[in-house]
Protein chains: 2
Amino acid sequence: MTKAADAGRRERKSDKTRRRILDAAADLLNRKGFDGTRLSEIATLAELRVPAIYYYFDSREAILEEVVNIGDRLAHENVTRRLAELSPAASALDRICTAFAAHLEMVLMESAYTAAAMRTMGQLPADMRARQLERQRASGRMWRELIQAGVEAGEIDPGLDPRAARMFLLGAVNWASEWWNPERGSLKEILATAQRLIRNALAGPLLASRPATTAPPAAALSPVFTPPAI
Amino acid sequence: MTKAADAGRRERKSDKTRRRILDAAADLLNRKGFDGTRLSEIATLAELRVPAIYYYFDSREAILEEVVNIGDRLAHENVTRRLAELSPAASALDRICTAFAAHLEMVLMESAYTAAAMRTMGQLPADMRARQLERQRASGRMWRELIQAGVEAGEIDPGLDPRAARMFLLGAVNWASEWWNPERGSLKEILATAQRLIRNALAGPLLASRPATTAPPAAALSPVFTPPAI
DNA sequence: GTCTATAGTTTGATAGAC
DNA sequence: GTCTATCAAACTATAGAC
């Protein structure tokens, strides 16, 4: 087996170390914020010394930018994947709930990359933040179009401002990593609650005339999550 | 007029300077997080030099702890005040919506203290965090009881986990300072959207049988907010 | 009350041995 | 690839003049 053929299924030692550094940085970004994430702590968590980090990354900021970049991409990929898995018969509201649940799934999952990307947005240095905004343009458009489709289909409470509703709900899911503890309830349970809450919130009084969905979106999230390769 | 009698209505110069330092720290806590809030930047924003800060505070952490302390207190006071203003005829759901709106009001208002307290919770050093949790015990109980009352009154969708619903919605309002811009819509508008979203979310299918509230909670928030004295 | 000057740490980053 | 040793810069905090 050639090295190239091998690359897909087994990481080289070098890649593993690089990955350990990124994992450590993602974890610290969540707990301490952008400025609180120190190289010395990254090194300790990754089980090596500070200078060894510079073999893999040019600077502290380069590590943190890669974490944020990966986190944004994982979220976007998971949302589009879950949407693609959805039955074509799914309603606009089904699609919206599925998208939020897929986003929440990444925020809460094992790799803290997405949570780190969301939680530290406002703390990034100006140049990093500008590049992140540029990368997030597709995601932003996707979210706006999802909600807009619901409005046009008459599935969303017309008493809501679409932009504010979207941002409030994204805030709800982005903040979840702050309080959710897998020991107090499974991922499946929290995703089900989130979807129910979001469906209620957006449909409002319209919910009565649209009692049950053909395919409960919670089911669309089974089987158990498989983390996408980074 | 004695100094003591004067204290209530007009701040002494010393108090004003102290206040400027706290304002600067609250602002920076929101933008840069706990570790990113530097004494040098606080001093610049407060328009004095770093050593002058030590005339008012024992340490950097003492400033930040006071900001967080004030922020928590302002939120709790505003919520209890808005609830007290509410008609005794208000439903459990009215009370819940009013409470969330009052909390959101503080997160978005001029003084960034509450937003700072909420956003940096997870970044506080262990001892500060422990003291904050101790102070927040009353608020925590209040929120749990508010939701519980709604459940017992049969006004909340039984398909929701009360704790998760509470935390999701608190996250939604705590995160709002990240994206809300007063230039894109008034405070009143955003509070109205938030209340509608929260009412929808919690009532869900029950909303149909409980079409309109006697007194719209948005009205309960007028007249215009007056910031409580710090 | 506020300042200049400065001490003592800690940080991000580099040099160079192995 | 990873280390020890080290540097320049930035940080919190203090001393002491005014």
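All heavy atoms count here, side chains included; hydrogens, waters and symmetry mates do not. Owing to the predicted nature of the structure, the values given are computational and were not obtained by experimental measurement. Letters go in sequence order (proteins before strands), and every chain restarts at 1.
Each end of the helix from dG1(C)-dC18(D) to dC18(C)-dG1(D) yields a helix axis from five base pairs, and these two axes differ in direction by 0° (to the nearest 10 degrees).
Remark: P51(A), Y54(A), S59(A), R60(A) in residues 46-61 of chain A come within less than 4.0 Å of DNA chain C through at least one heavy atom.
Across the protein-nucleic acid pair, L39(A) atom CG and dT14(C) atom C1' stand 13 Å apart, rounded to whole Å.
Both the sub-6.0 Å distance and the 45° axial angle are satisfied by R60(A) relative to the ring of F34(A). Judged by the 6.0 Å and 45° rule, R49(B) forms no cation-pi pair with Y55(B).
Proximity of a side-chain donor or acceptor of T120(A) to a complementary backbone N or O of Q123(A) within less than 3.5 Å is not detected. When atom types are taken as modelled, the side chain of E66(A) and the backbone of L22(A) share no donor-acceptor pair closer than 3.5 angstrom.
If you run side chain to side chain donor-acceptor pair (under 3.5 Å) between H103(A) and each of N78(A), T114(A), N174(A), only N174(A) comes through. Exactly one residue among F168(B), W175(B), W179(B) makes a ring-ring contact (aromatic ring centres under 6.0 Å, His included) with F168(A). That residue is W179(B).
Within the 4.5 Å cutoff, the side chain of D35(B) has heavy atoms near those of the R38(A) side chain. Using a 4.5 Å heavy-atom threshold, the side chains of E41(A) and T37(A) count as separate.
The footprint of chain A on DNA chain D, defined by a heavy-atom cutoff below 4.0 Å, extends from dG1(D) to dA5(D).
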Steps toward salt bridge (Lys or Arg N to Asp or Glu O under 4.0 Å) verdict (R81(A), E105(A)): CA-CA 12 Å; R81(A) 187 156 53 90; E105(A) 202 177 13; over 6 Å; no
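Side chains of D72(B) and Q132(B): a donor on one and an acceptor on the other come within 3.5 Å.
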